[in-house]
2 protein chains.
Amino acid sequence: MLTNPPKMSPAANLRSDAGLASALRVTLARLNRRLRRQAAKHSLTATQLATLAAVERHSAITPGELAEQEKVQPPSITRVIAALDERGLIARSPHPTDRRQVTVSVTEAGLALLKEERRRKEAWLAQRLKELTPEEKTVLRQAAQILEKLSKI
Amino acid sequence: MLTNPPKMSPAANLRSDAGLASALRVTLARLNRRLRRQAAKHSLTATQLATLAAVERHSAITPGELAEQEKVQPPSITRVIAALDERGLIARSPHPTDRRQVTVSVTEAGLALLKEERRRKEAWLAQRLKELTPEEKTVLRQAAQILEKLSKI
DNA sequence: CGTATATAGTTAGCAAAGGTAATGAGACAT
DNA sequence: ATGTCTCATTACCTTTGCTAACTATATACG
């Protein structure tokens, strides 16, 4: 019979690499679900927003580069781009020299949406962050950079 | 015309709460995609594994509690439970006092799978972690606890 | 030159995972 | 005992990702 063995929270045995990896994975998944749920209240989905922001960062980017950026396969990006294009938030133009390729740029509407959305974009997370101590925020700042590095490999 | 305005990497203006929130959100999404892709190579999906682990932690848990734990709606958990049940990894038994409810527990097979899987579970992440400096790992350890706190709200 | 290969984007089709709304069985309060 | 509430489940839809196949263009080389 299972009489609730002395188990601990996911954050428990953080000492080992494996333990840290386990805790991170579970926590990241849960946090992501939370964030995604928050994002669903916006006009765009989380993925669309992230892609739109990426296009803003790298104007005249190609779908292929975008896919690589977002760690996604090209077909996945194609769908997102199509959705954004339909709403007039980005524009596809022919590549200057290679006619196989396409370049994607943010439109005025896209910029406006980004700007307007950006204010309330991370409302939930920012709200939670406010409740943290300065020390905790410092940790998260450092962690964000490390995690970004991890995600890029 | 969009001539690539002076934009920076997502990890850029981390100073403000909003900037930190933004960077975290994008990074978490990307890392999660990475992890999910890795998890697809296992016998269970990421969600199934996470749920199985949660059941292990809280033996004789009800689906409702499980859904709350995982920050998911009850129907979503029902599907995962059904899948795990089909494979004999968990067992559903009637609730001792309330016959509407169900209690879920890990079976021997589930325990074995968890144990066996746990070793290679976070292989990708653990591998990446090994490449970090001790200081970076310390930061992540602290961050994991903070993020877990955030995800629980 | 002209054919063969490589590459970029897209399309088609599939699976995972989440959500909401509706349903059914049981608990419980009046 | 009847009406209301709660828990789990079912049915159905959406989003997002993937792989494989297709199209058009570029490029290498015989």
Side-chain angles (χ1 to χ4, degrees), chain A residues 26 28-52 54-55 60-87 90-104, chain B residues 29-52 54-55 60-87 90-104:
Chain A
V26 172
L28 293 185
R30 212 141 53 192
L31 240 186
N32 234 347
R33 278 198 295 272
R34 260 333 263 259
L35 289 172
R36 199 168 275 260
R37 204 144 98 204
Q38 233 39 41
K41 289 175 184 160
H42 296 185
S43 48
L44 296 182
T45 68
T47 317
Q48 289 170 349
L49 262 181
T51 303
L52 183 55
V55 172
I61 194 174
T62 68
E65 292 164 344
L66 212 39
E68 197 183 357
Q69 270 269 329
E70 294 298 310
K71 298 291 173 233
V72 151
Q73 293 303 305
S76 304
I77 273 301
T78 291
R79 192 163 342 113
V80 177
I81 288 177
L84 293 175
D85 191 8
E86 253 175 42
R87 295 170 201 235
I90 60 170
R92 282 185 265 203
S93 345
H95 187 99
T97 66
D98 187 339
R99 284 193 300 178
R100 286 171 308 180
Q101 296 187 51
V102 172
T103 64
V104 181
Chain B
R30 216 143 48 193
L31 238 187
N32 232 352
R33 277 198 296 271
R34 263 331 266 257
L35 289 171
R36 200 167 275 260
R37 207 144 98 204
Q38 232 38 41
K41 290 176 183 160
H42 296 186
S43 48
L44 296 182
T45 67
T47 318
Q48 288 170 348
L49 263 181
T51 303
L52 183 56
V55 172
I61 194 175
T62 69
E65 291 164 344
L66 211 39
E68 197 182 358
Q69 269 270 327
E70 295 297 310
K71 301 290 176 231
V72 150
Q73 293 303 306
S76 304
I77 272 302
T78 291
R79 192 168 337 112
V80 176
I81 288 176
L84 293 175
D85 192 7
E86 253 174 41
R87 296 172 200 236
I90 59 170
R92 280 184 266 203
S93 345
H95 188 98
T97 65
D98 186 339
R99 283 194 299 177
R100 287 170 307 178
Q101 297 187 52
V102 172
T103 65
V104 181

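Throughout, protein chains are lettered first and strands after them, A, B, ... in sequence-line order, and every chain is numbered starting at 1.
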When every non-hydrogen atom of B/Arg92 is compared with those of B/Val104, the smallest separation belongs to CG-CG2, 4.3 Å

Under 3.5 Å, N/O pairs linking protein and nucleotides 2-6 of chain D:
from  : atom 1 : to       : atom 2 : distance (Å)
D/dT6 : O4'    : B/Arg100 : NH1    : 3.3
D/dT6 : O2     : B/Arg100 : NH1    : 2.9

Closest non-hydrogen contact found for B/Ala67 with B/Gln73 is CB-C, 4.1 Å

Rounded to whole Å, CZ of A/Arg99 lies from C1' of D/dT23 at a distance of 14 Å

Check the interface with nucleotides 17-22 of chain D: list each N/O to N/O pair with the protein under 3.5 Å, or write none.
from   : atom 1 : to      : atom 2 : distance (Å)
D/dG17 : N7     : A/Arg79 : NH1    : 3.3
D/dG17 : N7     : A/Arg79 : NH2    : 3.1
D/dC18 : OP1    : B/Arg37 : NH1    : 3.2
D/dC18 : OP2    : A/Gln73 : N      : 2.9
D/dC18 : OP2    : A/Ser76 : OG     : 2.7
D/dC18 : N4     : A/Arg79 : NH2    : 3.1

May I ask you to verify if any side-chain N or O of A/Thr45 is less than 4.0 angstrom from the OP1 or OP2 atom of D/dT16?
yes

Value for CG (A/Leu31) from CG (B/Leu31), rounded to nearest 0.5 Å, stands at 12.0 Å

For A/Asp85 and A/Ile90, the nearest pair of non-hydrogen atoms, with its separation, is OD1-O, 3.4 Å

With both pairing distances under 3.5 angstrom for Watson-Crick or G-U wobble, and | for a partner in another strand, the correct string for DNA chain D is ||||||||||||||||||||||||||||||

To the nearest 0.5 Å, atom OG1 of A/Thr103 lies from atom CD of A/Glu65 at 10.0 Å

Applying salt bridge (Lys or Arg N to Asp or Glu O under 4.0 Å) to A/Arg79 and not counting sequence neighbours gives none

A/Leu52 CG to D/dT16 C1', in whole Å, measures 17 Å

A/Thr78 meets the side-chain hydrogen bond (donor to acceptor under 3.5 Å, both in side chains) criterion, sequence neighbours left out, with none

With a non-hydrogen cut-off below 4.0 angstrom, is A/Thr97 in contact with a base, only sugar-phosphate, or nothing?
sugar-phosphate

Value for CG (B/Leu84) from CG (B/Leu44), rounded to nearest 0.5 Å, stands at 6.5 Å

Nt span of DNA chain C in reach of chain B heavy atoms at under 4.0 Å, 5' end first, is C/dA16 to C/dA27

d(A/Ile81 CD1, A/Thr62 OG1) to nearest 0.5 Å is 8.5 Å

Between B/Glu70 and A/Arg33 the two heavy atoms that sit nearest each other are O-NH2, 2.7 Å

CD1 (A/Ile77) and OG1 (A/Thr51) are apart, to the nearest 0.5 Å, by 4.0 Å

